[in-house]
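Whatever order the structure lists ligands and atoms in, that order sets their numbers, starting from 1. Here the structure is a predicted model, which means the values were calculated and not measured.
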Amino acid sequence: MMTKANLFFCLLILFLFVMKAFSQSTSSSSANSSSESVSHETIQVDLNGEMKEQHVSGPFQFSEHDDAWMRKRLEDRFLKYVQIDTQSDPLSSTVPSTEKQRVLANVLLEELKSMKGLKNIDMDKYGNVYATLPKNLKRDVLSVGFLAHMDTATEISGFNVTPRVHRNYKDGENLMVDNLKIVDYKIDGKELSKMVGHDIVTASGGTLLGADDKAGVSEIMTAIEFLTEHPSIEHGDIQIGFTIDEEIGKGPHYFDIPKFSAAVAFTVDGGEKGTYNVESFSADLVTIVFTGFNIHPGTSFGRMINSMKVAAKFLDRVNQNMPSPDISKDRDGFVHCLDMNGNVEKTTIRCILRSFEDSELKQYAEGISKVIDQLRSEHSNVTIEMNVVQQYRNMKQVLDKYPFMELSIIDVYSALNMKDIVSVPVRGGTDGSQLSWMGLPTANIFAGGHNFHSQSEFVSLHDMADSVKVIISLAQTLSNVPPLPIKGH
Ligand SMILES: *[C@@H]1O[C@H](CO)[C@@H](O)[C@H](O)[C@H]1NC(C)=O
Ligand SMILES: *[C@@H]1O[C@H](CO)[C@@H](O)[C@H](O)[C@H]1NC(C)=O
Ligand SMILES: [Zn+2]
């Protein structure tokens, strides 16, 4: 039985369907192999005249089979990537800071080349890898980027990583390799308890695992592979970027944003499943130089002016008046004096200022300036100079202009039934904070790893599969967003 309203709706859908088919046939001369993958039947009308909608733009429903496929592909990739040492080096003056990052870059290039339908596959002279999965839609939509970094942290070795898969995790278990406790349930139980039944990967002691960020790299690769094999999932141009030297804070410096060609992007470099980051610190560096007067101590009466004495007073007063990192957490900012170098004649102190609010950052600088004024009046014979340099700014100020980015993250996480969806303000900077201010609005989504920069790093293949689904679903959801300008185009 069909009501009048129902009939009208049915006709409307049929009309849209016919229009869609028409537009496909008239533009078929420009249709190339990549656009053969456009899903032709978004709407079906079954024999009873009832309408059935096949995801026009709604989330793709992943099957158990998809899930298992993703875990298998992730495991193959991730275990391969983590065994390639890509540690970056903060003391190096080359780009990339370590040549060995190119080894993974080349592996990724070859893999990308073996996937169907990718374009613009390239490595730039710095070792960054780029590729495009072209849109499978006729209409113009947003070009979306996904980024992960290839290097690993500098504090713990990334050489000779021997990954181990611990199948079907049981609550309360420690993760052991050859009688060595790699992950301690007593410490990490809160996170491990959410992974009962999961396959968890650890290193074997003495090295990093490298889930930061080879989990992200594996997830993007696997999502792209899945999309090439499921052309019915609609998406706009997807730009893929694998970057160098994130761990030494230089990732974006040599990244070619115009070449990347995304209007907005997501770094897949976050921690626990369900978290995302759209906020980071704003950061300034303050350098204070105290200049006194040196002379042989034996003949210094009434003449020597020891710059260190005044510098010590400075540190003391800054500590009394302003919050330091050891007493700050969550949304607190801080003033952190990093180092003090000097002698009688000249002493230099460097302090970093961090806050989620630019206004608070300004207050910290003013506070320091006040302390200096006071010291100047007490020690008119010591010259004190202060210099403030901007380091980076909270990405939120940029991302607030693109509210659909956070909304789509929340949408997609919810559609994938994630509990504990949390926006975590990053108490530091991310590649995203720099990229956002360089003209590419970039939020950060979870890659699933835990205990970053530690020998106890671990990641669940099940959580990684969820990250793959997030990437696919974000690409799909954002295919409903009209195009936005691309920096440099
Ligand atoms: C389609 O492919 C042909 C041959 O490969 C090429 O010359 C043409 O520019 C392509 N058209 C579009 C719209 O991509
Ligand atoms: C420098 O100034 C301090 C504080 O006013 C004073 O105690 C000291 O004698 C001065 N030293 C010289 C060499 O002028
Ligand atoms: Zn990272």
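Ligand 2 lies out of reach of Ser380, whose nearest heavy atom is not under 4.0 Å from it.
Protein contacts to the Zn ion (ligand 3) involving N, O or S atoms at a distance below 2.8 Å are His149 NE2, Asp212 OD1, Asp269 OD1, Asp269 OD2.
Cation-pi check for Arg331 over Phe356 is met; the charged atom lies under 6.0 angstrom from the ring centroid and within 45 degrees of its normal.
Distances below 4.0 Å separate heavy atoms of Glu378 from the following atoms of ligand 2: 4 (C), 5 (O). Which parts of ligand 2 touch Gly302 is read off a 4.0 Å heavy-atom cut-off, strictly below it: atoms 13 (C). Residue Ile305 has at least one heavy-atom neighbour below 4.0 Å for each of these atoms of ligand 2: 13 (C).
Aromatic ring orientation, Phe266 versus Phe146: parallel (interplanar angle below 30°, classes split at 30° and 60°). Ring orientation note: the planes of His198 and His462 are close to parallel, at an angle under 30° on the 30°/60° scale.
Counting only residues at least two apart or on different chains, the ring-ring contact (aromatic ring centres under 6.0 Å, His included) pairs with a member in residues 394-438 are Tyr413-Phe446.
Contacts of Val382 with ligand 2, taken as heavy-atom pairs under 4.0 Å, are absent altogether.
Under 4.0 Å is where a charged nitrogen must lie from a carboxylate oxygen, and between Asp76 and Lys72 at least one such pair does. Look at Arg164 and Asp178 and you find a salt bridge, because one of the NZ, NE, NH1 or NH2 atoms lies within 4.0 Å of a carboxylate O, short of that distance. Between Glu225 and Arg77 there is a salt bridge, with a side-chain nitrogen of the basic residue lying less than 4.0 Å from a carboxylate oxygen of the acidic one.
Proximity of atom 7 (O) of ligand 2 to the protein is not indicated, since no non-hydrogen protein atom lies closer than 4.0 angstrom.
In this structure, Ile295 and Arg303 approach most closely via the heavy-atom pair CD1-NH1, 3.4 Å.
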